[in-house]
There are 2 protein chains.
Amino acid sequence: MDNQEKQSKEQLILAAAEQEFLTKGYDGARTTSIAQAAGVTHAMLHYYFRTKEQLFERIVDDKFATMSHSMVAIIGDPSLPIVERIKGGIAAHFDFIAANPLLPRFVINEIVSRPERYEVLYKRAGFVVNSVYNSLQAEVDSAAERGEIERVDVKMLFISIMSLNIFTFVAYPFMEPIMGELMANREQFLAERKAENIETILRRIKKQ
Amino acid sequence: MDNQEKQSKEQLILAAAEQEFLTKGYDGARTTSIAQAAGVTHAMLHYYFRTKEQLFERIVDDKFATMSHSMVAIIGDPSLPIVERIKGGIAAHFDFIAANPLLPRFVINEIVSRPERYEVLYKRAGFVVNSVYNSLQAEVDSAAERGEIERVDVKMLFISIMSLNIFTFVAYPFMEPIMGELMANREQFLAERKAENIETILRRIKKQ
DNA sequence: CTTTGTCCTAACAAAATTGTTAAACAGTAT
DNA sequence: ATACTGTTTAACAATTTTGTTAGGACAAAG
């Protein structure tokens, strides 16, 4: 009958924990409230995950992986011409964040509150980013040589794209009440915003 | 001697509380740790502010006011020609956030975690924003008629400016370790970033 | 010198939150 | 049936965190 019965208690707890941690953060989350949302006693949570800390780690690992996938999406399809590629990259990144709107705020908050914990993770990430963007910069440079686009710093462009796309969702609850009709219809606003972000970046790289 | 002696205990507690709440949020903050940072017993904190909640409200009120000042800065100097005005508005907003780098994340987190608390505040803010931007939109429209700039939606432009400026600081701890040399020198990076944000927006409104 | 009010401390109390344990239970293999 | 396994519950324990209180020190005012 009830299709929650199909999922194991462990799955139920993980799902409830994800929701709780993403919205309230580690400090704001309560193991009892996670257990309640999952429909189990809080002893079960300790039975499966031992401590709040370990349950949290499970969520964090998943979310950090998802976040890095989202960033990879910006790179776009290398087989396309540079402008189309960037266009597609922005759209893919935007859609990715739209599907995981709570993700960036969670990841950023976590890194701010416990930076030391992610140093190791970061050594790798920095290395990957650097090699990827060296080749991307070369591609942009050669397109600039051919006069197709303006010469730009790829890392700066990358930061701008993330800014425009991520802020839309991170600040949504902050902006929505003060923006009136513009944001009244969420679907429509997000579509407009995606187009606006693409337009903004394309104009940034357009040869003039 | 010690110039901390000059400040009242109340001031010391407020300063310590501001630091603690801005970095760790309400849930992560500990009244004992605030008291310790202020160099007083935690009973003093309750003596002056009764509860953690009331101490927090003092900080929140101050920070929300500061945040709204920062947003007003974007409006710029009405006596300048439109492009100069926008340029100045972006720079002023950027500098404001640079001087209060922890502010946006704090305000956004607070609104996300307790939206109901700020409904009243928001009724007003939405009203003010609307009237300000109606007149601003009219000004932009007339500049567009004269062919000085592209026709743009002022609210969308406003969101883009906030995105570019605020993300720089909100995500700084997240980006810094993966961006290598680009962000090695904070002062230099921020100067470059400010210029980049202005360039990005100016190109967005440039007639083409 | 006493009174009054503010500031302050140390110890205590209360509440919330996380974590543990012993025993019950359900299913499965022997 | 019996023993064995992993799962579940209810009650309890420990810890952390917030909040209280009784009283002392001290300065200003009468």
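Just so it is clear: chains get the letters A, B, ... in the order the sequence lines come, proteins before strands, and each one is counted from 1.
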Separation of dT20(C) P from Q54(A) CD (nearest whole Å): 10 Å

Listed nucleotide nearest any side-chain atom of H46(A), set dC8(C), dT20(D), dT20(C): dT20(C)

Below 4.0 Å: OP1/OP2 of dT17(C) and any side-chain N or O of T32(A): no

Atom-to-atom span, CZ of F49(A) to C1' of dT7(D) - whole angstrom: 14 Å

Options dT9(C), dG19(C), dT18(D), nucleotide nearest the side-chain atoms of M44(B): dT9(C)

Salt-bridge criterion met for R186(A) and E176(A) (N-O under 4.0 Å): no

Length of the NZ-P vector between K52(A) and dT15(D), whole Å: 18 Å

Sugar-phosphate only, base, or nothing, as touched by A35(A) at under 4.0 Å among non-hydrogen atoms: nothing

dT18(C) OP1/OP2 closer than 4.0 Å to side-chain N/O of T31(A): yes

Between dT9(C) (P) and L45(B) (CG): distance, integer Å: 13 Å

Nearest to side-chain heavy atoms of H42(B), which nucleotide of dT17(D), dG19(D), dT20(C): dG19(D)

Phosphate contact (dT9(D) OP1 or OP2) by Y47(A) side-chain N/O below 4.0 Å: no

Gap between atoms CD and P, on E53(A) and dG19(C) respectively (whole Å): 9 Å

Whether Y118(A) and F64(A) hold their rings parallel, tilted or perpendicular, with breakpoints at 30° and 60°: parallel

Pair E150(A) + R203(B), salt bridge at N-O below 4.0 Å: yes

Distance in angstrom units between L55(B) CG and dT18(D) P, rounded: 11 Å

R117(B) atom CZ, over 12 foreign heavy atoms within 6.0 Å: yes

Length of the line joining R30(B):CZ and dA16(C):C1', which is rounded to integer Å: 11 Å

R193(A) side chain to S160(B) side chain, donor-acceptor N/O pair below 3.5 angstrom: yes

Listed nucleotide nearest any side-chain atom of Y48(B), set dT7(D), dT18(C), dC8(C): dC8(C)

Length of the CG-P vector between L12(A) and dT8(D), whole Å: 10 Å

